[in-house]
Amino acid sequence: MEVFTQLLTGIGGAILGLASILALLAGFVWIVELIRRHREDRSGFSEFIKSGARMQHPALLSAFEGKGPEAPAGAKPRLETISCGRLRLKSGQVFVCDPAFCNDKDLEPFDEPMPEGEHPVHALIIDNDGDQRVAAVKITVNDQSLHHIEPAWTASARANALKHRILPAFGVDSANAAVFSFESLESMRADTRDPSEFVPGPDDPKINPYLSGRTDDLWKETVFADGSNCFLFLSGLGDGAYPCYFGKTEQGSIVCLLIDFGFFGEPTRIGYPQAQ
């Protein structure tokens, strides 16, 4: 009986010790979060969001014109902007997501509709010594002068921005990113084909699409029976979280949608300091 009591006491002590460690870890995480929020508050994050979260991203935008990031002599990556076709929009609702999540009931479109019509889709390819990646995607809706970029918000991301003090990004878990219209998303959900039918890549699965030398291996368009279409892209460096931005005129009209796979640094805020 005494041995049993000692065993229970030992187990209880171990549980208490583990609980103490977990409490300390939770406290540490809480303190780190408070510090992060304090820094964001000091940098004017709340005012930045409320004023429209306007930013500039000259490095990304100039890359579409072939002007790449700084690099040592002889090691500068090659940039190429390729035409992928036109995204057909009837309702103006646009979804950007990992296609593996297209059946998620909580999937949301951007809360600003894009103009209806057929809009050119361009992919920015960055090639580092034979390794080619999709660095960004641009969907242009008109030729007006772009003044600034703003986050492309979903309704829930906009509502939670101040609470979490973070700008929106979509998650990628399959190394693919998709652009859907409302109609093509519904068609994708109803399609019975194998998912591999929609994923970009060479016909020979043994060939690495990043090293094939063919930019067509990095993206794929699918047209459905109702005429709607979607585009899938190999997402930059693979799985992660990536932001989308609306390029806008000074008056706030949408010029383009940008998907940024993170090769050209962070945008800078207009009128507000960056978080420290």
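As a basis for the values below, the full set of heavy atoms in this structure was taken, side chains included, without hydrogen atoms, waters or symmetry mates.
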Undergrad: Considering residues, nucleotides and ligands other than F182, do more than 12 of their heavy atoms fall under 6.0 Å from its CZ?
TA: no

Undergrad: Only counting residues at least two apart or in another chain, list the ones meeting side chain to side chain donor-acceptor pair (under 3.5 Å) with E116.
TA: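 Side chain to side chain donor-acceptor pair (under 3.5 Å) list for E116, sorted by chain: empty.
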
Undergrad: Let me confirm one number: the CD1-OG1 distance from I254 to T249, rounded to the nearest 0.5 Å.
TA: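 Atom-to-atom, I254:CD1 and T249:OG1 are 9.5 Å apart.
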
Undergrad: Nearest 0.5 Å, please: how far is CG in D173 from OG in S235?
TA: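 Here the interatomic distance stands at 10.0 Å.
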
Undergrad: Between H57 (side chain) and H148 (backbone), is there a donor-acceptor pair under 3.5 Å?
TA: no

Undergrad: With a 4.5 Å heavy-atom cut-off, do I149 and P267 have their side chains touching?
TA: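 Counting from C-beta outward, I149 and P267 do come under 4.5 Å.
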
Undergrad: Quick one: pull up CD in E150 and CG in L258 and give me the separation to the nearest 0.5 Å.
TA: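 The CG atom of L258 is 12.0 Å from CD of E150, to the nearest 0.5 Å.
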
Undergrad: Would you say D98's side chain and S174's backbone share a donor-acceptor pair under 3.5 angstrom?
TA: yes

Undergrad: Checking R78 now: which residues fulfil side chain to side chain donor-acceptor pair (under 3.5 Å) with it, not counting sequence neighbours?
TA: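 With sequence neighbours excluded, R78 shows a side chain to side chain donor-acceptor pair (under 3.5 Å) to E80, D127, given in chain and number order.
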
Undergrad: Is there a path of hydrophobic side-chain contacts, each under 4.5 Å between heavy atoms of I/L/V/M/F/W/Y residues, joining Y272 to L162?
TA: yes

Undergrad: Could you check if a side-chain atom of F264 sits within less than 4.5 angstrom of a side-chain atom of S62, using non-hydrogen atoms only?
TA: no

Undergrad: For E197, enumerate each residue passing the salt bridge (Lys or Arg N to Asp or Glu O under 4.0 Å) test, keeping only those at least two apart in sequence or located in another chain.
TA: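 None.
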
Undergrad: Hey, does the Lys NZ or Arg CZ of R165 hover above the aromatic six-ring of F45, less than 6.0 Å from the centre and inside 45° of the axis?
TA: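 Ring-cation test returns no.
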
Undergrad: Return the set of residues passing salt bridge (Lys or Arg N to Asp or Glu O under 4.0 Å) with E108 (not counting sequence neighbours), or none when no residue passes.
TA: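 In terms of salt bridge (Lys or Arg N to Asp or Glu O under 4.0 Å), with neighbours along the sequence ignored, E108 is linked to no residue.
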
Undergrad: Can S184 and S187 be counted as having a side-chain donor-acceptor contact under 3.5 angstrom?
TA: no

Undergrad: Sorted by first residue and then second, give each ring pair (Phe, Tyr, Trp, His ring centres under 6.0 Å) pair with at least one member in residues 217-243; sequence neighbours left out.
TA: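 Every pair satisfying ring pair (Phe, Tyr, Trp, His ring centres under 6.0 Å) with a residue in residues 217-243: Y242-F261.
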
Undergrad: With sequence neighbours excluded, tell me which residues meet ring pair (Phe, Tyr, Trp, His ring centres under 6.0 Å) with F246.
TA: F110

Undergrad: If you measure from CZ on R54 to CD on E250, what distance do you get to the nearest 0.5 Å?
TA: 7.0 Å

Undergrad: Evaluate whether atom CG of D129 has more than 12 neighbouring non-hydrogen atoms of other residues, nucleotides or ligands under 6.0 angstrom away.
TA: no

Undergrad: At what distance, to the nearest 0.5 angstrom, does SG of C84 lie from CG of N229?
TA: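 Atom-to-atom, C84:SG and N229:CG are 11.5 Å apart.
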
Undergrad: Any heavy-atom pair between the side chains of K138 and L124 that's under 4.5 Å?
TA: no

